[in-house]
Amino acid sequence: MTERETTRLVAWSQELRRVHHRLREALDVTRASLADGTAGESATRELLLYCHGFCAALDSHHQGEDRTLFPAIAAAHPELRPVLRSLEQDHSMIAHLLGGLRAAVDRAAPPEELDQHLEGIAALMENHFRYEERQLLAVLATLELAAAPGEVLGPL
């Protein structure tokens, strides 16, 4: 295996960590915007921007994993299928929570309610990311997958 091939293979584990880091940052920015307490229309517009951007990024990340990454892992490591099913269930639960957040933002729910939505998403998201990294980083370090990182892990 050439150095270039090794770098490409290891990049999947690095890319997953990088994307998780960016999603954590996006959630932090969204929560900081809400906690800022700026009154009026500009605060609502800012929160809408952050929340919709965060929701779209997280949802896209999970869709890419379900569509491309997880089938490749299942083919190479069938013993991980139960782990992948559990991660896909998390994706479904997170999508449901994101839908609730979108609806709350669209109807201009009070900050306390929005924070409750974000808190639930943050808790599940962090648990999911940690489990996914524990279970898959070693596999990703050797996974042969010819695809663009944005296609597989979301366009962050």
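Keep in mind that the numbers below use all heavy atoms, side chains included, and drop hydrogens, waters and symmetry copies. Note that the structure is predicted; figures quoted are calculated from it, not measured.
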**Complete:** The reported gap from CD in Glu132 to OG in Ser86 (rounded to nearest 0.5 angstrom) is 10.0 Å
**Prompt:** Can Glu133 and Arg130 be counted as an ion pair, charged N to O under 4.0 angstrom?
**Reply:** no
**Request:** Mind checking side-chain contact (heavy atoms from CB on, under 4.5 Å) for Pro110 and listing every partner two or more places apart, or none if nothing turns up?
**Result:** Glu112, Glu113
**Request:** Working to the nearest 0.5 Å, report the span between CG of Leu87 and CG of Leu80.
**Result:** 9.5 Å
**Prompt:** Which is it for Arg85 and Glu88 under the salt bridge (Lys or Arg N to Asp or Glu O under 4.0 Å) test, yes or no, and what are the steps along the way?
**Reply:** CA-CA 5 Å; Arg85 274 193 298 279; Glu88 288 170 342; over 6 Å; no
**Asked** Do the rings of Phe129 and His20 sit parallel, tilted or perpendicular, given the 30° and 60° boundaries?
**Response** parallel
**Request:** Go through the structure and list residues passing side-chain contact (heavy atoms from CB on, under 4.5 Å) with Ala74, not counting sequence neighbours.
**Result:** Arg81, Leu84
**Request:** Give the intermediate values and the outcome of side chain to side chain contact (heavy atoms under 4.5 Å, CB included) for residues Leu114 and Arg31.
**Result:** CA-CA 9 Å; Leu114 294 173; Arg31 294 186 86 182; over 6 Å; no
**Message:** I need the Ile121 CD1 to Leu101 CG distance, nearest 0.5 Å.
**Reply:** 4.5 Å
**Leu16 side, atom CG; Leu140 side, atom CG - distance, nearest 0.5 Å** = 6.0 Å
**Spatial distance of atom CG (Leu124) from atom CE (Met93) [nearest 0.5 Å]** = 5.0 Å
**Request:** Please round to the nearest 0.5 Å and tell me the distance separating atom NE2 of His128 and atom NE2 of His91.
**Result:** 3.0 Å
**Message:** Determine whether a donor-acceptor pair (N or O, by modelled atom type, separation under 3.5 Å) exists between the side chain of Thr142 and the backbone of Val139.
**Reply:** yes
**Prompt:** Are Ile73 and Val83 close enough that some pair of their side-chain heavy atoms sits under 4.5 Å apart?
**Reply:** no
**Asked** Is there side-chain contact between Glu126 and Arg24, with at least one heavy-atom pair below 4.5 Å?
**Response** yes
**Request:** Can you see which heavy atom on Leu143 is nearest to which on Ala76, and at what distance?
**Result:** CD1-CB, 4.3 Å
**Request:** Check Ile94, Leu23, Leu98 against His62 for a side-chain contact (heavy atoms from CB on, under 4.5 Å) and give me the one that passes.
**Result:** Ile94
